[in-house]
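Structure first, commentary second.
Chain identifiers are assigned alphabetically (A, B, ...) following the order of the sequence lines, protein sequences preceding nucleic acid strands; residue numbering begins at 1 within each chain. Because the structure is predicted, anything quoted here is derived from the model rather than measured.
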Number of protein chains: 2
Amino acid sequence: MSDIAKRVGTSVAAVSVTLNGAKSTTLRVSDDTRKRIFEVAEELRYKRNPMAGALATGRTQVLGLMLPSQDAYAAHDPFYSLVTTGVTACASTHGYNVMLYSATSEEEGDRAASMIDKRVDGLVLVSPPKGTPIFAECQRQGIPVASILGEPEEGPLQIRSDDYQGGLIATRYLVSLGHRRIAHLKGREHIATTQPRLQGYLDALKEAGIAPESEWVVPGDFNRETGRESTVQLLRRANRPTAIFAANDLSAHGALEAIRDEGLKVPGDVAVLGYDDTWYATVTRPALTSVRMHIEELGRRAADLLIRHLEGEAPTRDTEIIVPVSLTIRESCGGKAISM
Amino acid sequence: MSDIAKRVGTSVAAVSVTLNGAKSTTLRVSDDTRKRIFEVAEELRYKRNPMAGALATGRTQVLGLMLPSQDAYAAHDPFYSLVTTGVTACASTHGYNVMLYSATSEEEGDRAASMIDKRVDGLVLVSPPKGTPIFAECQRQGIPVASILGEPEEGPLQIRSDDYQGGLIATRYLVSLGHRRIAHLKGREHIATTQPRLQGYLDALKEAGIAPESEWVVPGDFNRETGRESTVQLLRRANRPTAIFAANDLSAHGALEAIRDEGLKVPGDVAVLGYDDTWYATVTRPALTSVRMHIEELGRRAADLLIRHLEGEAPTRDTEIIVPVSLTIRESCGGKAISM
DNA sequence: AGATTTTGATTAAGCGCTTAATTTTTGGAT
DNA sequence: ATCCAAAAATTAAGCGCTTAATCAAAATCT
């Protein structure tokens, strides 16, 4: 900058203001010098040093993105790529960069919290465990947080998917196909989405006048292997269900495998319905009918909300966004019916 | 820091040096004050401001990771998650952070190059197009670059997979199963890996005394849809091949679908062999036999090489790393034979 | 013509940290 | 007691940018 200033014959301050299209300042620059400054900047291939700017302003123009430990579950789950894509897309249109933090499971919480520093203006947290120390730490440091698929919580901005609705429409759909014995392969315990999906499932059954049997709800953790095991249990029961609603596509895939292993057909003998509707659902045979979560949108909204908040635009108290779900019908449930 | 200094009754400089475990400096601190400094830092929950540090030292402790435009091809490909995981893992063990840049296709090159600034100490580029302006820009700014799966090029550190060997062992394996009419579903044009894999394929055929027919090599772009289409062409030819070696798992999956659509069996009628061996290969039916690329390792090595370079450790002129491949045998080729 | 506003700038301080240069204190050796 | 080196510090400058405070000249008004 000082080079430019020298060349143009003006002060560094003028250059700074000009090059940043600064708004509210007492410093004014004539069109003439303004033009010259741009010319010389171009000529010198000037590149702003963001570190210096950050130090001076206290803003880094960087968003942190913290994903849960990949290895713990679903290292494969396209979910994370999609969230990342969404966050990055939105961030970059607003001139923000994205910094990746992945918390590996051992460092849960404390270790993760210790990584937080003024390198980022805000943080996007993906399905954080309830009450993670990260919230407190960010608060302490004055870093706003947007949590995607987190438990309802004081403080952070929240972006949630309508899980209850998801459970509801999934189950209603199965009911509409004539199923009465519908099982639910649950999501991982202590993840915010698990309970509402279950509740939607239960309510849809009640709605249809079906008395849910407790045995129909089997444990899962979003993984293929567990989905498979739980399904095997399910199928070997005396009066096996004719449909399975799985809490995500990976475990639905496990279910598919289990059913095939037991010598049964999908959807002929057992219908399977997944959740997330990532491309994963299109790879299995048969392709999964699945509740679509609009994951990328979750990421986009999170980044958007956060950035708005950062730029102080309308300190909206509607700090919570619920993204609607839809149902994508493919082959794993048979029936071409109904769009919900 | 000045708070700590005041509290302890020493200078900011002393605090700085102590807290960073600084090495070569003339400033010395007694064990006593050192201890006190740590105490007070703890007590005050001191958090270093990395921006200030970066400005002072010119090092940010951040690595950039630039992925090619996701939407262009293989938005689904687990490849990118894996590279990211590898880079992040290595970076974080060395105390580096990772900043995500995704170049969307329109902004190819120039636009991408313009994002480069002193925010990062080094840049990892994933399969950059030959001679992208990014290289030049980084050079200009003195930012070292490690390129993963790029074309051989002057300048950047290079991490490559042994694609030639991959093509070789894949094809040899098919030959060993008795196939003589082996097709190759090519990778995307102008991507560094495409040619060597093809060459390996050709050489393996020659080795086996098979004269390759030009019709056996069909175009692909790493996508499922294209894989499918090209395979359909292949199968409708008079004398169709009995085996297909695809340049990645996605397109292999397309081939699988095409074969099924044509009423043929895998591996009974046609064997299919994939490449990359991501988990994708385990999802298809039948599961894909595939050349394993050790993608995460590519990411790790890239980050490692880059960081070493940054820390000036042994300015090794071996600026190129070739990671070996292996073959994972599953169902899509039949035969349990041979491990290579 | 003088007072006042507007326009176009400059100066200076400071963001929080690093690091070289310099100074003071301490503890032997003579 | 005195000198000297080693130990333990302090001072000061600077990284590149931002921003408030200040100032001078030109334009406008009365």
Atom [atom1] of [X] and atom [atom2] of [N]: how far apart are they, to the nearest Å?
X	N	atom1	atom2	result
B/K118	D/dC17	NZ	P	12 Å
B/N49	C/dG14	CG	P	17 Å
A/L19	D/dG16	CG	C1'	13 Å
A/L27	C/dA12	CG	C1'	13 Å
A/M1	D/dG14	CE	P	20 Å
A/R28	D/dA24	CZ	P	19 Å
B/D117	D/dC17	CG	C1'	14 Å
B/R34	D/dA8	CZ	P	10 Å

Applying a 4.0 Å non-hydrogen cut-off, can you work out what A/V15 is touching in the nucleic acid: base, sugar-phosphate, or nothing? nothing
Base, sugar-phosphate alone, or nothing: which one does A/T33 contact when heavy atoms must sit under 4.0 Å apart? sugar-phosphate
Are A/R301 and A/E296 close enough for a salt bridge, meaning some N to O gap below 4.0 Å? no
Charged N to carboxylate O below 4.0 Å: is that the case for B/E39 and B/K35? no
Given [options], identify the nucleotide with an atom nearest to the side chain of [X].
X	options	value
B/T10	C/dT10, D/dA9, C/dG16	D/dA9
A/T57	C/dG16, C/dC15, D/dT19	D/dT19
A/S11	C/dC15, C/dT10, D/dA8	C/dT10
A/V29	D/dT11, C/dT18, C/dA9	C/dA9
B/A56	C/dT19, C/dC17, D/dT10	C/dC17
A/S30	C/dT18, C/dG8, D/dG16	C/dG8
A/A13	D/dG16, C/dA12, D/dT10	C/dA12

Record whether the side chain of B/T26 comes under 3.5 Å of the base of C/dA21 through a donor-acceptor pair of N or O atoms. yes
Check: A/L63 main-chain N/O paired with A/D121 side-chain donor or acceptor under 3.5 Å: no
Does A/D117 offer a backbone N or O that forms a donor-acceptor pair with the side chain of B/R48 under 3.5 Å? no
Check: B/M99 and A/V62 side chains under 4.5 Å, non-hydrogen atoms: yes
Quick one, B/Y101 and B/L67 - any side-chain contact, counting heavy atoms below 4.5 Å? no
Any side-chain N or O of B/R59 under 4.0 Å from OP1/OP2 of D/dC15? no
Report yes if a side-chain nitrogen or oxygen of A/N20 is closer than 4.0 Å to either non-bridging phosphate oxygen (OP1 or OP2) of D/dT18; otherwise report no. yes
Can you work out whether B/L55 or A/S16 has the more 5'-proximal nearest nucleotide on DNA chain D? B/L55
